[in-house]
Undergrad: 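The structure's right below; bear with me while I get my questions together.
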Amino acid sequence: MDGSGGLGRGRLICLSNRIPTGAEPSGGLVVALADVLERSGGIWIGAAPETTDQPEDDLTEIEGGAFRRLAFRLTAAEQEGYYAGFSNSVLWPVFHDRADLMEFRREDHETYRAVNRRIARIVAKVLRREDRIWIHDYHLLPLAAELRRLGVENPIGFFLHTPFPTALALQSMPQGNEICGWLMAHDLVGLQAQRDCVHARGALTRLAGAEELEEGLYALDGRRMRLAAFPIGIDTADFTRLAGQAFDRLPPGIVKPPRQLMIGVDRLDYSKGLPNRFRAFRHFLDLQEDWHRRVSLLQIAPPTREGVKAYDDIREELEGLAGKVNGAFADITWTPIRYIHRPVPRETLAGLYRASHIALVTPLMDGMNLVAKEFVAAQDPEDPGVLILSRFAGAAEQMPEALIVNPHDEGEIAAQILTALTMPRSERRRRHAALMEGLGAQDVHWWSDAFLTALTGASAARVGR
Ligand code: GDG
């Protein structure tokens with residue numbers, strides 16, 4: 001890798017549902033792409049946080065920051081149908097193997113298509129011939145197909161942050177196979193993990209009848225598309241530095257030795273496996289009376305997608321469970337579960353990871369899971385904590401030195417909590433060093449470089465350059 005991100009002559013045009021605003025904590029993705037965007041004079045285009053009364057096809061410049069940011073605005077009805085509706089009540093549950101939570105409404109599907117058509121029109125207006133386009137995530141799946149319809153022949157890449165469903169799961173949503181056609185409009189499709197590539201192969205060949213010309217190169221209706229795994233990373237070096245500083249600034253008394261701290265950090269989402277995590281901890285406490293008062297779970301679960309029913313339900317379920325566990329076990333000096341339903345500043349989070357002896361990362365399904373990576377990067381290499389990681393997180397493919405668990409098996413999680421609590425320091429150091437090697441080599445800069453280099457290669461092959 002030459003570190004140039006396969007920098008061609010053109011600008012990089014990044015598209016995501018939400019435009020990154022200065023107010024948000026600096027995420028790894030934005031940091032990784034900021035560099036290429038800045039050097040190529042590129043632009044990030046996304047939806048403004050506030051809605052508008054009348055549909056408008058203008059882009060508003062967002063001032064400040066190292067690279068250009070242009071926002072389009074959606075009406076409240078568009079936001080409801082495209083974002084809360086089709087994106088988060090159909091695509092998200094289906095892609096996370098929860099078709100039972102799908103709420104399909106034909107109008108939402110139409111709004112989703114129409115919004116993507118509108119974004120395509122808006123984007124086409126600012127495009128130059130040499131630009132490369134990088135589209136992010138499931139909100140914008142049909143965007144490339146709409147751009148192609150407008151005659152755009154620029155290189156277009158797509159990265160899916162969620163898992164890719166099996167052909168079978170895809171068929172649980174009406175018109176599920178149209179997604180294959182949308183994928184084919186790109187030069188390059190990046191997925192998180194090998195398992196996702198296997199699922200995509202099944203869907204593309206069996207549902208859509210695409211031909212696989214060589215591994216990961218698909219052909220359908222005169223178009224060719226390359227598909228591969230690009231597991232997203234974090235800004236490892238930066239996170240390690242942040243955790244070291246933040247740990248020193250934590251308020252005193254967060255961890256009182258010999259009490260051990262387990263941490264969980266997840267958007268409050270049904271895919272993150274929070275109820276099974278709480279039940280597994282209760283199971284552990286049932287079995288291990290010796291550990292009462294010596295271990296507690298700090299769960300940070302900021303709200304997301306409020307107003308979508310499945311999210312209101314999971315919140316209620318979790319609050320009930322936390323209350324029950326604490327009711328059954330707490331005493332005047334010990335609360336087994338501290339549950340925080342608010343966002344915590346990034347620095348504090350980094351410090352808390354470092355103060356924790358165990359991270360419980362137990363999603364039922366997850367594209368990658370960056371919390372697993374952040375926890376490892378935050379540890380003191382001399383005395384590191386232990387990561388308990390679900391086999392259904394994309395991260396499990398890259399992190400075999402974690403304690404890998406089946407999140408549905410509460411007995412197994414309980415047993416691994418005990419293993420982690422009693423793991424000798426030499427073994428913790430060995431596992432941590434191996435995990436850090438991977439996190440150093442495949443950080444978020446590696447990821448964006450690898451994707452953009454592959455995009456340049458894939459589009460050059462298409463136009464025969
Ligand atoms: C999607 C995919 C994929 C969480 N709570 C707070 C907070 N966070 C930060 C974490 C981490 C990020 O949010 C969450 O990232 P994850 O990867 O764990 O999960 P999703 O949000 O579901 O992300 C996922 C990811 O996209 C990237 O491709 O890995 O599979 O679902 O960085 O630290 N940050 C702050 N306060 C909080 O309370 N500041």
Side-chain angles (χ1 to χ4, degrees), residues 14 16-18 20 23-33 87-88 91-98 134-139 158-165 190-193 195-196 229-236 238-239 242-243 246 263-274 277 298-305 311 314 338-354 356 359-378 387 389-399 407 439 442-444 447-448 451:
C14 259
S16 62
N17 168 54
R18 261 302 177 83
E24 286 163 15
S26 54
L29 167 70
V30 182
V31 172
L33 295 178
S87 295
N88 285 325
L91 294 173
W92 180 272
V94 170
F95 283 21
H96 287 84
D97 220 4
R98 290 301 303 271
W134 188 353
I135 301 170
H136 289 268
D137 237 357
Y138 58 98
H139 316 85
F158 179 85
F159 185 77
L160 183 67
H161 291 258
T162 69
F164 196 88
L191 303 177
Q192 296 274 28
R195 59 129 196 243
D196 301 313
F230 297 89
I232 194 169
I234 59 167
D235 194 340
T236 309
D238 188 65
F239 205 86
L242 179 69
I263 193 166
V265 177
D266 313 74
R267 282 184 308 100
L268 183 46
D269 192 295
Y270 50 79
S271 66
K272 301 293 183 183
L274 291 159
R277 182 180 311 169
L298 173 61
Q299 177 63 54
I300 297 164
T304 51
R305 303 174 196 170
Y311 289 79
I314 183 87
R338 273 179 289 166
Y339 166 57
I340 303 181
H341 186 54
R342 257 176 296 113
V344 166
R346 188 169 172 76
E347 291 77 10
T348 312
L349 204 59
L352 287 172
Y353 285 138
R354 195 174 176 103
S356 303
L360 277 177
V361 182
T362 57
L364 304 177
M365 195 52 80
D366 215 333
M368 175 54 57
N369 196 295
L370 297 181
V371 168
K373 295 186 172 182
E374 292 166 356
F375 173 76
V376 170
L387 172 63
L389 178 60
S390 161
R391 67 174 69 261
F392 298 110
E397 284 185 11
Q398 290 174 298
M399 305 181 90
L439 291 188
Q442 301 195 328
D443 68 359
V444 76
W447 170 79
S448 62
F451 185 90

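This one's a predicted model, so the numbers in the text were calculated from it and none came from an experiment. Sequential numbering from 1 along the given sequence is applied to the chain's residues. In each ligand, atom 1 is the first atom listed, and ligand 1 is the first ligand listed.
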Undergrad: For ligand 1, which atoms, with element, lie under 4.0 Å from some heavy atom of E374?
TA: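 Those qualifying, in numeric order: 10 (C), 11 (C), 32 (O), 33 (O).
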Undergrad: Looking at side-chain heavy atoms only, is the closest gap between L160 and F95 below 4.5 Å?
TA: yes
Undergrad: Hey, looking at atom 19 (O) of ligand 1, which of H96, R267, M368, K272 has the closest heavy atom?
TA: K272
Undergrad: Of all the atoms in ligand 1, which lie at a distance below 4.0 Å from a heavy atom belonging to P343?
TA: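 Going through ligand 1 atom by atom, the ones under 4.0 Å from P343 are 38 (O).
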Undergrad: Considering only heavy atoms, which of G264, A395, G394, P302 lies nearest to atom 5 (N) of ligand 1?
TA: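 Nearest option to atom 5 (N) of ligand 1, by heavy atoms: P302.
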Undergrad: Report, in ascending order of atom number, the atoms of ligand 1 lying under 4.0 Å from any heavy atom of Y353.
TA: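 Those of ligand 1 that fall under 4.0 Å from Y353 are 33 (O).
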Undergrad: Please verify the inter-ring angle class for Y353 with F239; under 30° counts as parallel, over 60° as perpendicular, anything in between as tilted.
TA: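 Tilted.
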Undergrad: How close do L33 and C14 get, heavy atom to heavy atom, and via which atoms?
TA: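 Of all heavy-atom pairs spanning L33 and C14, the closest is CD1-SG, 3.6 Å.
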Undergrad: Flag the pair P303 / L268 as yes when at least one side-chain heavy-atom distance between them is below 4.5 Å, and no otherwise.
TA: no
Undergrad: Please work out whether the ring planes of W447 and F159 are parallel, tilted or perpendicular, with thresholds of 30° and 60°.
TA: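 The rings of W447 and F159 stand perpendicular, inter-plane angle above 60°.
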Undergrad: Name the option, out of V371, V344, D137, D269, that contains the heavy atom nearest to atom 38 (O) of ligand 1.
TA: V344
Undergrad: Within a distance under 4.0 Å of any heavy atom of Q192, pick out the atoms of ligand 1 and give their elements.
TA: 3 (C), 28 (O)
Undergrad: With atoms numbered from 1 as shown, which atoms in ligand 1 lie under 4.0 angstrom from a non-hydrogen atom of W92?
TA: 31 (O)
Undergrad: Can you tell if the side chain of P363 reaches within under 4.5 Å of the side chain of S271, non-hydrogen atoms only?
TA: no
Undergrad: Tell me which one of V265, L349, V444, L370 gets a heavy atom nearest to atom 16 (P) of ligand 1.
TA: L370
Undergrad: Does an N or O from G367, backbone or side chain, lie closer than 3.5 Å to an N or O of ligand 1?
TA: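 Yes, there is a polar N/O contact under 3.5 Å.
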Undergrad: With heavy-atom distances below 4.0 Å as the criterion, list the atoms of ligand 1 near R346.
TA: 39 (N)
Undergrad: Please determine whether any non-hydrogen atom of I300 lies less than 4.0 Å from an atom of ligand 1.
TA: yes
Undergrad: If you apply the rule side-chain contact (heavy atoms from CB on, under 4.5 Å), what do you find for V371 with D266, and how did you get there?
TA: CA-CA 8 Å; V371 168; D266 313 74; 5.8 Å; no
Undergrad: Keeping R195 on the side-chain end and F392 on the backbone end, is there a donor-acceptor pair under 3.5 Å?
TA: yes
